[in-house]
Protein chains: 2
Amino acid sequence: MPSEPVADRTDPRAARHARSRSKILEEAWVLARRHGLGRLSLGELARSVGLRQPSLYTYFDSKADLYDAMFAQGNEQLWAEVASRSYSEHPGEAVKEFTRAVVAFCAADPTRFQLLFQRPIPGFEPSPESYSVALRFLERGRDLAAGAGITRQRDMDIFTALVAGIADQQVANDPGGDRWLRLVDEVIEMFLDRLNA
Amino acid sequence: MPSEPVADRTDPRAARHARSRSKILEEAWVLARRHGLGRLSLGELARSVGLRQPSLYTYFDSKADLYDAMFAQGNEQLWAEVASRSYSEHPGEAVKEFTRAVVAFCAADPTRFQLLFQRPIPGFEPSPESYSVALRFLERGRDLAAGAGITRQRDMDIFTALVAGIADQQVANDPGGDRWLRLVDEVIEMFLDRLNA
DNA sequence: GTCTATACATCGATAGAC
DNA sequence: GTCTATCGATGTATAGAC
């Protein structure tokens, strides 16, 4: 994150700065959910956290930098979600658990889902630092899939399409519910059966 | 469409009006692709078609009305795409053909895909008139699916997730290519085999 | 149907005082 | 680190002349 000041990790001033930044980021998500990611405005954001609009530039170099921080934060939350849980020793079960976790995560916040997996803001490209967090998640998924026999690129592409499709329908047509989430097991079983046939 | 003037269908003035409206709509898509749907601006749109910004209100009551017209037009294109072609007498083949057509349609224009199938603009709800075009498409898909044994709601939900997932991945990760499009047959076969097992 | 003029709000970003 | 002040641009929408 380019706007991070150079300071020791235990510097109380740096800690205070980080806390403020975190609070601003949190409010940015609230506003993005309300108005749409592309309509997020720095003026309203500043107002919401009790600052004047120019003061935000202490925390973010630009609006693009703010988007980048949101992208990184969302991916860290996703990583925390899939990395914190333990997975079954049965590889197929582990893939199902992983998929359920991802779909639930996506359904929990459609706006976050949009920023992480779709391209709602033309011109926005995550910085390499932010993207590296996303890669960690993708590698975890790839490893779990490989354990269940999903190794060929072609099969990985099908797997990602299955996960994306369930998440997409859940978010778009039943946000907050579980109409598609509960289909995860059946879909993944269908796919793994096909692979082992 | 609320802003349509009352006039006989053969009225040359109405025809001229419709032609202008169509041209504006076309340019609106160009700008939406460039800047994002949420960033579409009436001023730039007017400039692009050689009008002053207030003149657009002759053709659209509001920006929401413009979005609604775009939604309707996109759905009419989709309908033209799936209704114009003939489908195999083999029900399973017909479903594959339909799915390929839908995925190709989505991949051809990510922005159109976004407006039709995702919710990129908080607060935008299509008018009943516009949505009726979308329903025609959904019913066609439902009928074709039913012919291949996809009748239970649960199975229809899986089917829509499969189509959405392939389209989603194709649009997001290989726009203009066919990396996921070419997986349609395998995925649909897998699903139909499962149903008939 | 198109225009000028304008209202009124908001936008992202920078300069410089404190 | 936060502020005031401000730039220059852009946003949607309306009034009223032609």
Side-chain angles (χ1 to χ4, degrees), chain A residues 1-8 11-25 27-28 31-32 34-70 120-125, chain B residues 1-8 11-25 27-28 30-32 34-70 120-124:
Chain A
M1 267 117 357
S3 59
E4 208 67 40
V6 181
D8 187 84
D11 182 342
R13 263 185 293 180
R16 181 185 175 78
H17 183 90
R19 269 199 308 277
S20 294
R21 198 174 192 271
S22 177
K23 185 189 165 195
I24 294 167
L25 219 40
E27 187 61 26
L31 297 180
R34 187 177 307 156
H35 303 304
L37 277 163
R39 292 283 194 174
L40 178 58
S41 111
L42 300 181
E44 190 182 10
L45 175 56
R47 213 175 307 128
S48 302
V49 296
L51 286 177
R52 303 294 177 166
Q53 177 254 352
S55 303
L56 289 180
Y57 285 80
T58 303
Y59 300 95
F60 303 96
D61 292 341
S62 65
K63 197 182 181 184
D65 187 36
L66 172 63
Y67 280 134
D68 194 56
M70 294 173 75
I121 306 162
F124 166 67
E125 288 296 325
Chain B
M1 270 131 330
S3 60
E4 208 66 41
V6 181
D8 188 84
D11 182 342
R13 264 184 293 180
R16 181 183 176 78
H17 184 89
R19 269 199 308 278
S20 293
R21 197 173 193 271
S22 177
K23 185 189 165 195
I24 294 168
L25 219 38
E27 187 62 24
V30 173
L31 298 180
R34 187 177 306 155
H35 304 303
L37 278 162
R39 292 283 194 174
L40 178 59
S41 108
L42 300 181
E44 191 183 11
L45 174 57
R47 214 176 305 127
S48 303
V49 296
L51 286 177
R52 304 294 178 167
Q53 178 256 352
S55 303
L56 289 180
Y57 284 80
T58 304
Y59 300 95
F60 303 96
D61 291 341
S62 66
K63 198 182 181 184
D65 188 35
L66 172 64
Y67 280 133
D68 194 57
M70 293 171 75
I121 305 162
F124 167 67

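Side-chain atoms are counted along with the backbone in the values below, which use heavy atoms only and exclude waters and symmetry mates.
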## Note on the structure
Taken to the nearest whole Å, CD1/I121(A) to P/dG12(C) is 12 Å

### Query
5'-most contact on DNA chain D: R39(A) or L51(A), nearest heavy atom basis?
L51(A)

### Query
Is it true that a side-chain atom of Y67(A) and a backbone atom of L37(A) form a donor plus acceptor pair closer than 3.5 Å?
yes

#### Entry: Inter-residue atom distance E27(B).CD - L51(B).CG, 0.5 Å rounding
11.0 Å

### Task
Under 4.0 Å between any heavy atoms, over every strand shown, what does S62(A) touch: base, sugar-phosphate, or nothing? Just pick one.
sugar-phosphate

### Query
So what does S41(A) touch, heavy atoms closer than 4.0 Å: a base, only the sugar-phosphate, or nothing?
sugar-phosphate

### Message
Within the structure provided, determine whether S48(B) and E44(B) are in side-chain contact (heavy-atom separation under 4.5 Å).
### Response
yes

### Message
Does a side-chain N or O of Y57(B) approach OP1 or OP2 of dT12(D) to a distance below 4.0 Å, or not?
### Response
no

#### Entry: Short side-chain N/O contact to dC3(D) OP1/OP2 from S55(A), under 4.0 Å
yes

### Task
Answer with base, sugar-phosphate or nothing: what part of the nucleic acid does L56(B) contact at a heavy-atom distance below 4.0 Å?
nothing

### Toward the 5' end of DNA chain C, by each residue's nearest nucleotide, R13(B) or Q53(B)
R13(B)

## Note on the structure
Taking dT12(D), dG12(C), dC3(C) as options, the one with an atom nearest any side-chain atom of R52(B) is dC3(C)

### Query
Picking from dA13(D), dG1(D), dT4(D), which would you name as closest to the side chain of P54(A)?
dT4(D)

#### Entry: Euclidean distance, atom CD of residue E44(B) to atom C1' of dC11(C) [Å, nearest integer]
15 Å

### Query
Between dC3(C), dA13(C), dT12(D), which nucleotide has the shortest distance from any of its atoms to the side chain of L42(B)?
dT12(D)

### Task
Check whether any side-chain heavy atom of D11(B) lies under 4.5 Å from a side-chain heavy atom of H17(B), and answer yes or no.
no

### Message
Tell me the interatomic distance from L37(B), atom CG, to dG11(D), atom P, rounded to whole angstroms.
### Response
15 Å

